[in-house]
Amino acid sequence: MDLIKTEKSIEDTNKTNNQIESIFTSFMENTLFKDKFVLQASYTPETISHREEQIAQIASILAPVLRGERTSNLFVYGKTGTGKTLSVQRVRNELLKRDINSNNLIIEYINCKLKQVSDTEYRIFAELIKKLGGNVPATGLPTGQVYNKFLELIDNEKKLIVIIFDEIDHAVNKITDNFLYNLTRLNTELSKSQISIVGISNNLTFLDEIDPRVRSSLGEEEVVFPPYNALQLQDILNERASRAFMPDVLEEGVISKCSAYAAREHGDARRALDLLRIAGEVAERNGLKKVTLKDIDFANEKIEKDKILEIVTTEPRQFQLVLLSIIDIVEKNERLKDNLSSSIFTGEVYNNYQRLCEKTKNDPLTQRRVSDILSEFDMMGMINSSVISKGRQGRTRQIKLVIPKALVPKVKKILIDAIHLS
DNA sequence: AGGTATTCACATGAAACTATTCTCTGAGTTAGG
DNA sequence: TAACTCAGAGAATAGTTTCATGTGAATACCTGT
């Protein structure tokens, strides 16, 4: 960095230095947070409010392991952010704490959603073996062999094993029903050890979709986590906020607004905490002394926005092309002041999409596929579509873009960059 | 006027195809005994 | 000789295409008054 500096650039650097200085100092002085970590997703609180009943249920179902007996398989379900994982982990810790002396209890936690870790049968076994102190190559061995190694490892002495599969529904989409079936029947192959399974799922209908044989053995016991209502969310937020923020920095009503927003999103506590944290960060960045209701709105928008941008950037190219063509049409309609019929139809999108493909040298997909892509966008909440019949003009999807107007230019830019770089 | 037949422009399903990723096997390599 | 590594065969999978069938209502076409 030994460029020749003109006077002006020196001046500039000084100015930016001052700027940075002032940002930092205001950051240090003005901080609203006492301990921001409390609001982070990875934080484990020592008390879990409004889940006493569920925790008690889980604990009583799993309690027999302390007497050295096998427990029933347990299936836990509830929407995201209802405290499932937290509660199960809690019970796990308590059980392990009480088992210090007998030392033959093993409770392992596996998250099936983390892709690199475990989304195939092989990887799950490999992961388990690793956690149990064994060692397998990352790839190369036949699954059967890994399976045997696993059996060997757990059956070499008397042990009680509980395996917790978080987000188990993700695994089953990728893995055959067989995997679960084998697991549930593992006990018959073990001579000394005993194994039980705890499945955690977001999907309430998950149990209905799997093989009946698995269902009956996996769902020996079930615990349901209902969504939090706004009042319960408020309690949770209050409790965390008192630890996360300095006293008196939250404006009246901030907490209740947060919980109202989150309650609308099927009572997702994680969402509520994110909201509060981001609102705090926003207020802090703006040098405010208090977190206001406006900051919550802003945070809500930001979360929404990030979600959309995340989807847009990570979607495959063909999806991006389709989305770009929708945006094109929307903008064209606006330019023509054609606001009366602001909805778009499949055919239009497809034609435009084909043109776009030609221009960018991409192979166009068939209309059939684009139709599916459109309905996937619908599911993701990027567009709103409904199938209508226009009589003689046929039957088609009526499409409306639901990305906030202010965000469209940014999305478009991302799309164009992504497509042209190919 | 009232009824029914037609027709459009796609939706929706199922099966077949394909390219990529995973799994598995055996040959070759290494290292320890 | 057992353990490890790795290339390539074969299986599994996701993404797509092809083919087939379905659909709701505006419009066209009757039919009898």
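A donor-acceptor contact under 3.5 angstrom links the side-chain atoms of R368(A) to the base of dG13(B).
Nucleotide dG24(C) holds its P atom 16 Å from the CD atom of Q398(A), rounded to whole Å. Note: CZ (R392(A)) to C1' (dC29(C)) measures 10 Å, nearest angstrom. Between the CD atom of Q367(A) and the C1' atom of dC10(B) there is a distance of 7 Å, given to the nearest Å. Remark: P of dC17(B) and CG of D363(A) are 20 Å apart, rounded to the nearest angstrom. In this structure, the CZ atom of R395(A) is 20 Å from the P atom of dT6(B), given to the nearest Å. Summarising the geometry, the separation between CZ on R397(A) and P on dC8(B) is reported as 21 Å, rounded to the nearest angstrom. If you take CD of Q393(A) and P of dC10(B), they are 11 Å apart, rounded to a whole angstrom. With rounding to whole Å, D372(A) atom CG is found 9 Å from dT12(B) atom P.
The line from CG of L323(A) to CE of M382(A) is 5.0 Å long, rounded to the nearest 0.5 Å. Atom CD1 of residue I58(A) and atom CD of residue E53(A) lie 11.0 Å apart, to the nearest 0.5 angstrom.
Under 3.5 Å, the side chains of K84(A) and N202(A) contain a donor-acceptor pair of N or O atoms. For the 3.5 Å distance criterion, the side chains of S49(A) and D235(A) fail to qualify, holding no donor opposite an acceptor. Counting only N and O atoms by type, the side chains of N93(A) and R98(A) include no donor and acceptor under 3.5 Å apart.
A donor-acceptor contact shorter than 3.5 Å is absent between the side chain of N384(A) and the backbone of K400(A).
Using a 4.0 Å cutoff on non-hydrogen atoms, no part of residues 320-328 of chain A comes near DNA chain C.
Comparing S389(A) and I373(A) along DNA chain C, the residue whose closest nucleotide (by nearest heavy atom) sits nearer the 5' end is I373(A). Remark on DNA chain B: of its neighbouring residues T346(A) and G394(A), the 5'-side contact belongs to G394(A), judged by nearest-heavy-atom nucleotide.
Both cation-pi conditions hold for K390(A) and F345(A): the charged atom is under 6.0 angstrom from the six-membered ring centre and inside a 45 degree cone around its axis.
Put simply, T366(A) has a side-chain N or O that comes within less than 4.0 Å of OP1 or OP2 on dT17(C).
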